[in-house]
S.K.: 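Sending over a structure as structure tokens; questions will come in a sec.
All residue numbers refer to positions in the sequence shown, counting from 1. Predicted model only: the values in this text are computed from it and were never measured.
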Amino acid sequence: MPFPAMQMLQAAVSGPANWYDAWSAAYTRAAAGSGQAHVVCFGDSLSQGFYADAPYYVNGFAGWLGTELATRTGQTAGTGIIPAYEEFTITDARTSSAGTWTASTSGFFADGKVANASGDTYTLGPITCTGFRIWYAVGAGGAWTATVDGGAANNYTCAGTASVQIAALDFASGSHTLVIAGSGDLHLLAVEAVNNTTQGVKVSRLAKGSQECSTFVADASATSSRQCYLLTDPDLAIIEFGLNEALLGTTTATFKTHLTTLATDMINLGASVLIVAAPPPNTATIAEATWTTFRVAMEEVATALSCGFLDMVDYWPSYAANSAFYYYDNVHPNQAGHIDMARAIITAAVEPVDPSAATITPTDISNLGGWWDASDAASFTYHSGGLVSQWNDRSGNSNHFTQPTSGNAPDRKSTVNGQYAVLFDGVDNWLGAGDVLDLGTSSLSVFMVVRRNAVGANHSLIGKYKITPSDGAWFTHFINTNKMSTVFDPGTVATADSGVTTSVDSRIFGFIIDRATGDITNRIDRATNGTTTFTPDSGSSRNTTHGLYMGALRNAADSGFQAAYWLSAHVCEVLVYTKALDSTERAQVEAYLQHKWLVYT
């Protein structure tokens with residue numbers, strides 16, 4: 001097939017088994033509500049988020065990592081540290097500035113910003129938080145002020161013995177705006193919005209394009225980059241450098257010295273360290289042999305210091321095999337690449353420390369009747385290109401979906417959050433599995449990850465149904481009022497509609513038909529969203545001769561398809577259980593889908 005194989009959640013991490021002990025303890029506290037944790041991502045343009053979708057701080061791999069950690073711990077712990085140069089080098093909607101700010105050699109990457117006149121201002125917010133932190137350099141300069149929500153000015157000075165200082169402003173939780181105004185030489189190094197709760201993990205991106213590790217560690221002066229990062233108080237340090245060193249001819253010996261300094265500093269601060277080797281660049285830009293020597297150097301540093309080491313070459317074996325899928329250019333990942341890097345880091349550094357991690361596979365829960373996984377390349381055969389002729393059932397029940405006609409075949413070519421999905425075009429694409437998954441006396445639970453591509457129309461997802469159903473028929477679809485609607489016919493049709501949902505983002509959809517209690521329960525993004533009842537009928541055997549279809553609804557005569565029910569969506573994964581999942585099983589299945597597909601509300 002013409003696509004690279006998906007390397008889903010199979011990060012190859014070297015290092016001692018206990019390399020993440022400090023991070024594990026911090027994460028456990030953060031998840032339990034007994035203290036926040038801090039992840040710091042050090043690196044170059046890859047870590048800064050270049051060529052992910054805007055905004056970089058959300059859609060770069062560090063942003064995706066932060067979203068996953070917030071989802072798992074139930075709390076957004078703040079913005080993390082935002083270096084001053086971010087406002088002046090990339091678009092960051094959280095900050096703005098006015099006036100004649102100039103460069104400073106103080107601060108992260110020796111790139112602080114200097115306010116030279118009283119009209120120079122820097123703004124963070126509005127943003128929901130309980131406080132602000134302002135990093136600034138003392139040693140040269142004059143007075144400056146910070147105000148919150150237009151209130152009274154807080155007065156500070158940059159005069160004094162050279163050092164890095166952090167001003168703290170705290171207040172009640174709410175939407176707040178910070179305005180910093182320089183009336184002399186203010187050397188602004190960074191800002192941060194904090195949530196002073198006892199839960200959650202914050203992620204800081206201390207990364208900058210075109211930079212080498214040496215910029216971070218070589219200067220030991222009192223207001224240098226190194227003095228700044230020594231104040232970050234990290235629990236997990238993710239270090240990604242090396243590409244610029246390889247491009248600019250830095251020797252691996254020099255690189256190892258600088259990398260060792262940074263990693264050792266983090267360890268001495270009490271952090272766990274994960275060193276990450278970037279994905280393989282185009283060999284026309286950096287020779288394979290050159291990049292291999294740098295990867296080896298990183299692993300040697302990790303081994304010497306008992307750090308974790310994640311080599312993205314284990315994910316993406318070569319640039320040539322993955323250039324169309326993961327890369328923006330010869331070096332940088334695109335959006336799919338950033339998501340896959342986040343997935344690799346989550347697997348390497350989050351799954352091992354999260355006691356509630358979704359470690360199940362769908363087959364761990366009994367009564368799995370069907371499992372169709374778009375990320376699994378081995379599950380597919382094709383007419384040509386990505387046009388699906390067969391999508392195999394991974395449950396072991398051989399309930400395979402097929403499509404004999406290439407003109408009606410959905411296309412496995414697009415991606416959702418870095419993994420392949422099956423695209424139904426909303427015109428005439430469908431898959432059929434024959435007369436399988438009759439209920440008999442069983443209940444039914446169906447869960448799926450789907451990204452809708454259109455709203456305001458009827459779109460059939462999956463089911464054994466026709467427009468005039470027979471006893472035992474079931475299916476779920478989106479209706480033209482933008483609700484998820486699940487239908488079951490236990491003799492009299494029962495329908496459960498969700499609330500209005502117009503989102504075209506990837507979502508977790510599901511429903512449970514519990515024939516013992518007579519309940520139909522819709523689920524969207526791990527929450528109940530629409531219910532109905534019917535007369536309990538668990539003692540009745542209900543079988544229908546309708547076929548099982550995905551993406552379309554059969555007409556009344558069962559001779560073709562009903563017009564205006566074609567699915568326009570990316571289907572990522574579908575799980576069918578021939579029982580009503582209990583609350584524990586349901587939570588496990590939904591967590592499995594959420595963490596695998598990085599689906600967030």
Side-chain angles (χ1 to χ4, degrees), residues 8-9 31 64 67-76 339 342-343 346-347 350-351 354-376 393-395 416-419 421-422 443-452 461-463 474-478 483-486 496-499 501 503-514 517 519-531 550 569-601:
M8 181 196 65
L9 298 180
W64 280 93
T67 302
E68 174 73 1
L69 290 168
T71 300
R72 289 181 182 236
T73 62
Q75 173 69 49
T76 299
I339 294 170
R343 183 175 288 109
I346 290 164
T347 306
V350 179
E351 293 289 347
D354 184 358
S356 63
T359 57
I360 71 153
T361 62
T363 53
D364 291 336
I365 295 175
S366 63
N367 294 72
L368 180 62
W371 175 17
W372 301 275
D373 179 2
S375 73
D376 180 43
D393 170 21
R394 298 186 66 188
S395 74
V416 171
N417 295 349
Q419 301 195 88
V422 176
S443 294
L444 185 71
S445 302
V446 177
F447 288 87
M448 66 202 88
V449 174
V450 176
R451 188 178 75 193
R452 299 166 68 189
L461 282 166
I462 186 171
W474 60 269
F475 92 123
T476 193
H477 65 307
F478 301 115
K483 299 177 180 180
M484 174 189 168
S485 182
T486 301
D497 290 345
S498 75
T501 171
S503 171
V504 293
D505 294 329
S506 51
R507 312 287 289 275
I508 301 172
F509 297 99
F511 65 88
I512 297 175
I513 300 172
D514 189 334
T517 63
D519 293 301
I520 301 176
T521 303
N522 286 331
R523 302 276 297 175
I524 300 178
D525 293 331
R526 304 184 70 173
T528 295
N529 195 327
T531 62
M550 186 184 297
H570 291 76
V571 177
C572 304
E573 189 160 355
V574 181
L575 300 170
V576 176
Y577 291 90
T578 56
K579 68 175 184 179
L581 298 185
D582 63 31
S583 59
T584 298
E585 293 169 328
R586 184 193 69 210
Q588 289 173 326
V589 167
E590 290 175 332
Y592 158 80
L593 291 171
Q594 181 175 60
H595 297 321
K596 175 176 175 178
W597 290 94
L598 301 183
V599 177
Y600 309 105
T601 56

S.K.: Quick one: pull up OG1 in T361 and NZ in K596 and give me the separation to the nearest 0.5 Å.
M.R.: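 Atom-to-atom, T361:OG1 and K596:NZ are 10.0 Å apart.
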S.K.: Any chance you could measure N522, atom CG, to S498, atom OG, to the nearest 0.5 Å?
M.R.: 6.0 Å
S.K.: Do D525 side-chain atoms and R507 backbone N/O form a donor-acceptor pair below 3.5 Å?
M.R.: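 Here the side-chain-to-backbone pair does not exist.
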S.K.: If you take all heavy atoms of M448 and L593, which pair is closest and at what distance?
M.R.: N-CD1, 4.2 Å
S.K.: Could you grab the distance from atom CG of N529 to atom NZ of K483, nearest 0.5 Å is fine?
M.R.: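 The CG atom of N529 sits 10.0 Å away from the NZ atom of K483.
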S.K.: Do R72 and D354 sit within salt-bridge range, that is, some charged N less than 4.0 Å from a carboxylate O?
M.R.: yes
S.K.: Measuring only between side-chain heavy atoms, which start at C-beta, is F511 closer than 4.5 Å to L461?
M.R.: no
S.K.: In chain order, what residues pass the ring-ring contact (aromatic ring centres under 6.0 Å, His included) check against Y577, with sequence neighbours excluded?
M.R.: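 If we apply the ring-ring contact (aromatic ring centres under 6.0 Å, His included) test to Y577, skipping adjacent residues, there are no hits.
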S.K.: Between S445 and L581 (side chain of the first, backbone of the second, donor and acceptor by atom type, cut-off under 3.5 Å), is there such a pair?
M.R.: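 Yes, S445 side chain to L581 backbone: donor-acceptor pair under 3.5 Å.
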S.K.: Output all residues satisfying side chain to side chain contact (heavy atoms under 4.5 Å, CB included) with S583, sequence neighbours left out; order by chain, then residue number.
M.R.: R586
S.K.: Please check if the distance between the ring centroids of F447 and Y592 is under 6.0 Å.
M.R.: no
S.K.: Taking only residues two or more places apart in sequence or in another chain, which ones pass side chain to side chain donor-acceptor pair (under 3.5 Å) with T531?
M.R.: none
S.K.: D393 and S395: side-chain donor and acceptor closer than 3.5 Å?
M.R.: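 Side-chain D/A pair, D393 to S395: present.
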S.K.: Which pair of non-hydrogen atoms, one from I520 and one from A496, has the smallest distance, and what is that distance?
M.R.: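 In this case the closest contact between I520 and A496 is CG2-CB, 3.6 Å.
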S.K.: Which atom pair, heavy atoms only, marks the closest approach of I360 to Q588?
M.R.: CD1-O, 3.5 Å
